[in-house]
Novice: 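Before I ask anything, let me first share the structure, which is written out below as structure tokens.
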Amino acid sequence: MSDRDAVRDVLFQYTDSRPCRLLWGALGDGGDLGDLDLADYVEVTRVTDGDVCLVTSADEADMYLRWDRSHGSFVYAAFWPPWGVVDAGAADRAAAESLLAERDRPRPVPFAETPFANGGPAADLSGWL
């Protein structure tokens, strides 16, 4: 199953959310993900309770963003190969949108395919949060 299909499977459970419906349609119809604004992307991560995350890049660094219910905030981790985590922290909605605005357009990914999952390098950000 591709990342796109995995994200659509999660989004299908949240069809009462407008941002989730928009993203679901864009992923399924081959639509332009650029039609969604950053607020929609951030809302999708919150509504799906972190099951859909975002990845974006600037230069060589990749930044992953997800909703963390246990902290009641968005958490992010930026990776710069080969050094690993170079920045991480927690953000409110406005700060999360600002982080995304400074980078390339975000791409939705399923939680299982991120460094937050399965003991990945961002699974424990306790030293950063």
Side-chain angles (χ1 to χ4, degrees):
M1 177 183 296
S2 72
D3 283 356
R4 180 178 285 246
D5 292 338
V7 169
R8 286 192 85 221
D9 286 348
V10 173
L11 294 173
F12 186 71
Q13 300 170 41
Y14 299 94
T15 56
D16 56 335
S17 163
R18 178 189 162 279
C20 288
R21 283 192 313 271
L22 290 172
L23 182 56
W24 193 84
L27 289 172
D29 299 336
D32 185 7
L33 294 178
D35 291 343
L36 277 79
D37 65 23
L38 294 178
D40 289 333
Y41 279 107
V42 170
E43 182 63 7
V44 164
T45 64
R46 189 195 64 76
V47 168
T48 62
D49 210 17
D51 288 341
V52 172
C53 303
L54 301 174
V55 61
T56 183
S57 61
D59 300 322
E60 297 297 318
D62 287 334
M63 184 187 72
Y64 291 82
L65 177 80
R66 79 175 295 250
W67 172 254
D68 185 343
R69 181 179 21 172
S70 66
H71 287 97
S73 63
F74 298 92
V75 294
Y76 64 92
F79 298 87
W80 195 290
W83 303 289
V85 177
V86 294
D87 190 17
D92 62 12
R93 180 181 306 274
E97 289 176 22
S98 178
L99 284 167
L100 294 174
E102 297 170 0
R103 297 173 169 268
D104 292 340
R105 200 77 175 142
R107 180 175 53 88
V109 293
F111 173 76
E113 300 301 319
T114 69
F116 296 112
N118 306 320
D124 179 17
L125 295 175
S126 58
W128 294 85
L129 303 178

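The structure presented is a predicted model; accordingly, all values stated were derived computationally and were not measured.
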Novice: Of all the heavy-atom pairs spanning L27 and R4, show the shortest one and how long it is.
Specialist: O-NH1, 2.6 Å
Novice: Taking W24 for its side chain and R8 for its backbone only, find out whether a donor-acceptor pair lies under 3.5 Å.
Specialist: yes
Novice: Holding to side chain to side chain contact (heavy atoms under 4.5 Å, CB included), I want the full list of residues that pass it with E43, two or more places apart in sequence or in another chain.
Specialist: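 E43 satisfies side chain to side chain contact (heavy atoms under 4.5 Å, CB included) with P19, R46, V47, R93 only.
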Novice: Could you check whether any side-chain heavy atom of V52 comes within less than 4.5 Å of a side-chain heavy atom of Y14, counting everything from C-beta outward?
Specialist: no
Novice: So that I can tick it off, tell me whether D51 and R66 are bridged by a salt bridge, with the cut-off set at under 4.0 angstrom between side-chain N and carboxylate O.
Specialist: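 Result for this pair is no, no salt bridge flagged.
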Novice: Short question: side chain of R21, backbone of T15 - any donor-acceptor pair under 3.5 Å?
Specialist: yes
Novice: Between the side chain of T45 and the main-chain N/O of V42, is any donor-acceptor distance below 3.5 Å?
Specialist: yes
Novice: A side-chain contact here means heavy atoms from C-beta on lying under 4.5 Å apart; do L23 and P108 qualify?
Specialist: yes
Novice: In chain order, what residues pass the side chain to side chain contact (heavy atoms under 4.5 Å, CB included) check against S57, with sequence neighbours excluded?
Specialist: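 If we apply the side chain to side chain contact (heavy atoms under 4.5 Å, CB included) test to S57, skipping adjacent residues, the hits are D62, D104.
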Novice: Out of curiosity, R103 CZ to L38 CG, how far, rounded to the nearest 0.5 Å?
Specialist: 12.5 Å
Novice: Between W67 and F74, how do the two ring planes meet: parallel, tilted or perpendicular, split at 30° and 60°?
Specialist: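 Judged by the thresholds at 30° and 60°, the geometry between W67 and F74 is perpendicular.
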Novice: Should L65 and L100 count as side-chain neighbours, where that means a heavy-atom distance under 4.5 Å?
Specialist: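 Contact flag for L65/L100 side chains = yes.
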Novice: Is C53 close to Y64 at the side-chain level, that is, under 4.5 Å between some pair of heavy atoms?
Specialist: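 The answer is no, as the side chains (C-beta and beyond) never meet within the 4.5 Å cut-off.
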Novice: Are the side chains of T48 and Q13 in touch, meaning some heavy atoms are under 4.5 Å apart?
Specialist: no
